[in-house]
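Please read the structure below before turning to the comments.
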There are 2 protein chains.
Amino acid sequence: MTGIDDVARAAGVSAATVSRALSGRGRISDATRVRVRAAAAELGYVVSAAASALATGHAANIGVVVPLLDRWFFANVLDGIASRLAPRGYDMTLYSMSEDPSQRDGVLDVSLRRGRVDGLIVLSLTLADDEVDRLLALDLPVVGLSATSARLPALRVDELAVARAATEHLLRLGHRRIAHIGAGHDGEPGLDIPSLRRHGFQSTMADAGIPNAPFTPADFTIEGGHRAALALLDGAEPPTAIFAASDEIAFGALFAARDRGLDVPADLSVVGVDGHEMGDFFGLTTIAQFPHEQGERAADAVLAALEGRDELGDLAFRLVERSSTSRPRGGVAEVAGTSAP
Amino acid sequence: MTGIDDVARAAGVSAATVSRALSGRGRISDATRVRVRAAAAELGYVVSAAASALATGHAANIGVVVPLLDRWFFANVLDGIASRLAPRGYDMTLYSMSEDPSQRDGVLDVSLRRGRVDGLIVLSLTLADDEVDRLLALDLPVVGLSATSARLPALRVDELAVARAATEHLLRLGHRRIAHIGAGHDGEPGLDIPSLRRHGFQSTMADAGIPNAPFTPADFTIEGGHRAALALLDGAEPPTAIFAASDEIAFGALFAARDRGLDVPADLSVVGVDGHEMGDFFGLTTIAQFPHEQGERAADAVLAALEGRDELGDLAFRLVERSSTSRPRGGVAEVAGTSAP
DNA sequence: CTGAAAGCGCTTACAG
DNA sequence: CTGAAAGCGCTTACAG
């Protein structure tokens with residue numbers, strides 16, 4: 001590989017001058033800069049990442065901690081991040097955190113401590129309290145995306161509001177037997193997204209006078225949604241509507257309805273969360289989020305944090321009504337406060 | 001950050017000894033090794049990636065060049081790669097190559113030349129000849145996954161065989177009016193995947209006595225497949241079967257059939273390529289590939305290449321028959337060589 | 001504006 | 001088996 005000395009020789013200057021000409025830092029005459037850059041381009045010279053990082057303490061690299069690389073939502077977020085990082089000269093290194101405790105420890109205690117990255121984007125993982133501590137101890141600018149812990153600086157979607165919007169949409173249509181498919185433990189909400197959505201659902205139902213609204217846990221996959229919905233539909237009191245914690249779960253529910261010969265939305269209304277690209281084809285009503293844009297904003301936010309600026313804030317969502325939701329068969333829409341005379 | 005000297009001090013040895021104790025290279029007494037490792041663990045010390053890379057020339061990092069981060073197939077490949085790299089202590093840095101020429105140049109001429117990675121995995125991109133040259137000039141172990149150029153060492157699927165399997169499946173069922181939705185230019189096949197699939201389709205059709213079998217170009221998305229299929233179905237001579245170059249295109253075709261009130265498979269048979277997780281729900285017949293496993297093999301192969309070993313080879317595929325294909329309405333299966341008396 | 005030199009944090013022959 | 005020292009390839013005060 002050609003090094004800085006080769007360029008220096010070719011341009012007839014010192015390595016120091018090459019460094020200045022290429023980085024743009026420090027004073028340098030226009031003529032020299034032009035000459036050096038030409039020589040560098042000619043030789044195809046690019047500054048060594050390792051040497052530069054060692055000398056400056058700046059790696060020009062952002063780490064992205066992801067839970068699962070194979071979900072549509074995260075793939076889109078990643079694409080959004082990449083689209084903003086590259087033009088600014090940053091690379092992106094992925095750290096995938098699985099469920100396996102020793103693997104997680106490896107990421108938190110080893111990989112992330114190698115100093116390979118200048119900042120971190122953490123995608124909505126369910127992080128334990130001590131994991132958040134270890135993340136924070138890295139002493140790196142961190143931007144969570146809808147992240148789990150209140151202690152993590154983050155761009156957030158108001159997940160309670162998301163769940164409320166979905167649930168109220170169904171209630172407004174006149175549904176009462178509404179079930180939720182998602183995740184999250186019983187009891188206090190917990191700050192992870194699945195828990196917040198579940199909690200938002202159940203508290204909205206409770207506010208509408210329906211305590212203990214049914215909940216069925218599922219993986220956030222089509223497969224998981226399919227299985228859970230089948231269980232609900234085959235149960236003693238099948239719901240007339242399902243609020244699925246993700247669009248992929250919702251697709252699974254739609255397939256389950258098809259498998260049981262149910263008409264959507266007449267027999268079963270389904271609403272999801274995400275704004276999945278396939279939603280349109282399925283006619284799925286959903287609370288759309290905008291993962292690509294979320295990724296872009298997260299990238300901008302870490303980069304801003306590197307310069308000491310704060311670009312955190314709220315993330316948008318929007319109810320998109322399509323054909324998977326309607327009044328229940330024979331049901332009457334009860335609009336709050338609109339009691340008929 | 002705590003450095004090697006802190007550990008040396010804590011363990012009462014020199015930095016050199018710490019380095020040896022931690023890396024396992026060089027001779028060192030067991031007692032010292034244990035003491036040093038304890039001190040390092042105690043201090044939470046991890047070797048600096050930049051310093052280590054600079055000193056050894058080894059970055060412990062693999063670059064993955066991807067076309068689009070938001071396709072199901074690539075997300076799965078990535079997940080497979082990550083699952084094999086992490087346990088071996090390698091990080092993974094992503095380089096997304098878009099269609100934009102200046103962006104591609106940036107990746108090839110700048111990002112990849114920073115020396116940040118020890119090896120490269122290139123996911124099935126359509127690379128121009130000079131781009132392959134520049135990739136090769138990096139002088140890095142490269143493993144292509146179903147890559148484009150014959151000059152790139154790669155794990156390959158026999159794409160002509162894939163297309164033939166799909167097409168012959170349809171022909172065997174008795175279809176004659178079969179259309180292909182995909183990509184690839186006219187004329188000589190070209191070595192990119194879409195072209196190979198298209199070519200495999202058309203030559204198989206030609207062999208069956210059907211020259212100039214219809215082809216409609218599309219993006220490799222549901223949206224693209226939907227549009228293209230609609231165009232075919234609304235055409236003068238709608239096909240009785242569609243061979244889609246990807247499952248996502250196939251899903252689009254399935255939705256198009258639904259939109260036109262056509263029964264699948266009675267009115268329209270559809271076969272895809274990929275083995276998409278949703279295929280089962282759609283009942284999609286497909287030529288399954290195994291992206292996660294492909295990613296694992298690619299990771300193993302670069303790592304092997306780093307050690308001078310060659311683990312390249314062929315990638316598997318398999319026809320998975322589901323309910324989206326059958327004989328055409330009123331059609332008769334013509335099995336080659338079984339002319340009825 | 002430009003260069004010589006020290007330093008970034010490790011690793012690894014070279015001695016002992 | 002262990003340490004002192006040079007070196008990896010840059011960057012950046014410090015002089016001039």
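In what follows, chains are A, B, ... by sequence order, proteins preceding strands, each numbered from 1.
Pair assignment for D/dA13 gives none, since no Watson-Crick or G-U wobble pairing has each distance under 3.5 Å. Checking D/dA4 for Watson-Crick or G-U wobble geometry (two distances, each under 3.5 Å) identifies no partner in any strand.
Two residues, B/Arg20 and A/Ala51, neighbour DNA chain D, and the one matched to the more 5' nucleotide by heavy-atom proximity is B/Arg20. Mapping A/Asp30 and A/Ala16 onto DNA chain C by nearest heavy atom places A/Asp30 closer to the 5' end of the strand.
With hydrogens and angles disregarded, a donor-acceptor distance shorter than 3.5 Å links the side chain of B/Arg104 to the backbone of B/Ser98. The closest donor-acceptor contact from the side chain of B/Asp79 to the backbone of B/Ala75 lies at 3.5 Å or more, if one exists at all.
If you walk DNA chain C from 5' to 3' and mark each nucleotide with an atom closer than 4.0 Å to a heavy atom of chain B, the marks span C/dG9 to C/dA13.
Of the residues in residues 3-15 of chain A, those lying under 4.0 Å from DNA chain C by heavy-atom distance are A/Val13, A/Ser14.
In this structure, B/Leu138 and B/Leu108 approach most closely via the heavy-atom pair CD1-O, 4.2 Å. Considering all non-hydrogen atoms of both residues, A/Tyr45 and A/Gly3 come closest at CE1-C, 3.4 Å.
Here the CG atom belonging to A/Leu94 is positioned 11.0 Å from the CG atom belonging to B/Leu85, to the nearest 0.5 angstrom. In this structure, CD1 in B/Ile4 is found 9.5 Å from OG in B/Ser52, a value given to the nearest 0.5 Å. Atoms CG and OG1, from B/Asn61 and A/Thr93 in turn, are 5.0 Å apart once rounded to the nearest 0.5 Å.
At a threshold of 4.0 angstrom between heavy atoms, the contacts of A/Thr32 are confined to the sugar-phosphate backbone, with no base atom among them.
Rounded to whole Å, the separation between the C1' atoms of D/dG16 and D/dT12 comes to 16 Å.
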| said: Under the criterion side-chain contact (heavy atoms from CB on, under 4.5 Å), I'd like the reasoning laid out for A/Val64 against A/Val77: C-alpha separation, chi angles, the key distance, then a yes or no. | reply: CA-CA 10 Å; A/Val64 182; A/Val77 172; over 6 Å; no
